[in-house]
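Note that ligands are numbered from 1 as they come in the structure, with each ligand's atoms numbered from 1 the same way.
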Amino acid sequence: MKIAIIKELAEGERRVAGTPETVKKFKALGADVAVESGAGLTASVADADYAAAGAVLGDRAATVAGADIILGVQAADPASLSGAKPGAWVAAGFNPFGERARVDAYAAAGFEALAMEFMPRITRAQSMDILSSQSNLSGYKAVLDAAAEYGKAFPMMMTAAGTVSAAKVFIMGVGVAGLQAIATARRLGAQVSATDVRSATREQIESLGAKPIFVESVKGIEGEGSGGYATEMSEEYQKAQAELVSGHIAKQDIVITTALIPGRAAPRLISDGQIASMKPGSVIVDLAVEQGGNVEGAVAGEVVERHGVKIVGHRNVPSRLAADTSALFSRNLYNFLSAFWDKEKNAPVLDEEIGNAIRLTQGGKVVNERLLG
Ligand code: NAD
């Protein structure tokens, strides 16, 4: 059993899908591990550290040659994986809805593509969930990015020269990223409020010491919603939400938006008119910018200014904390493969529930229900 950890080729991607820690653990399971030279450099991992953990270093061709399983952060062009075993598994982030043509290319190349972002939200798969591990650090980084762009302090400060007032921070979308953003902004001393469409988040917001801002006139999503995910809201709800948010946003210094709907464009939560109502010098961070954006006028990969308000639209926020996010991503992959490891076969054997959820291609065909349905 040969596991290959390859260097990321996507522009701006600094993460890596394996660390010396996970190399050691895969070796302990009985696998051979090959790592492409330089794969960890942008995540602060030197080749020598992989070698010391027992990996064989080499160029791309040598790394994938004869591999049974290839690990990546963002799925590579399958043409760059030739030489792997026929039917080899490729476990990575596939962005299956956004990059459908690549899924077809994986089928045509005969690989078994395993989309780690399709991991079901069940208790036993929590430790394998890349969306959670990466969103968590994105939520943290979003607050730091906001603080860096903001020309004032976050905490209230009493100085001999007078008092500096606390920043008002509003978090829209309280999933994994939003909860971490609330906690981080609180740690920095801001006055924090937050909103979501799922009623279960109200208690979570309060338990972190923030103020919940909720639409009361139209019903939102009861409890957690299906699989923990939100759906598109009715027009009536969207109108009520816009009215509620308008009054609140005008008083905020920082707004961080994280709202996503799987398989769809991100919901638009902030209009240009609402941005114009904010004080000059305020900052908005749109964590959903690559999925279409929650904020009107946000531009992926840029910090733009509208009506004196900075709108931050960094791409690939997890990659901005590459050492930590790589460590967590790599553990997600190890937790996944080791949970299914069959000692006699010296290979993982997936069960139906998780296998069917994440497998995109098999036997030359696209097989995933979410893509076919
Ligand atoms: P997500 O990234 O899909 O979306 C972010 C947040 O935006 C969600 O809370 C969503 O409700 C919210 N949102 C969507 N539309 C909105 C709108 N119009 N206005 C305001 N908010 C809107 O969500 P996520 O971070 O992946 O987490 C969703 C839930 O799933 C959480 O409760 C989380 O704890 C749970 N979860 C469970 C597991 C598990 O059990 N294995 C793993 C991960 C997450």
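Taking 4.0 Å as the cut-off, Asp196 counts as a neighbour of ligand 1 on heavy-atom distance. Ligand 1 does not have Met172 within reach: every non-hydrogen atom of the residue lies 4.0 Å or more from it.
Not a single N or O atom of Pro120, backbone or side chain, sits closer than 3.5 Å to an N or O atom of ligand 1. Here's the thing with Pro267: none of its N/O atoms is less than 3.5 angstrom from an N/O atom of ligand 1. Remark: ligand 1 and Thr123 share no N or O pair separated by less than 3.5 Å (distance only, no angle test). Between Arg198 and ligand 1, at least one N/O pair is under 3.5 Å apart. Note: an N/O pair closer than 3.5 Å links Gln241 and ligand 1 by distance alone.
Electrostatic pairing of Glu235 and Lys239 does not count as a salt bridge here, judged by no charged N lying under 4.0 Å from a carboxylate O.
Of all the atoms in ligand 1, the ones that sit under 4.0 Å from a non-hydrogen atom of Asp129 are 42 (C), 43 (C).
Judged purely by distance below 3.5 Å, without hydrogens or angles, the side chains of Asn294 and Thr257 pair a donor atom with an acceptor atom. In summary, the side chains of Arg15 and Asn316 do present a donor paired with an acceptor at a separation below 3.5 Å, with no hydrogens or angles considered.
Ring geometry for His248 against Phe170 counts as perpendicular: the plane angle is over 60°, on a 0 to 90° scale with 30° as the lower cut.
Nearest approach of Leu131 to Ser135, heavy atoms of both residues: O-OG, 2.6 Å.
Atom 34 (O) of ligand 1 is never approached by the protein to below 4.0 angstrom, counting heavy atoms only.
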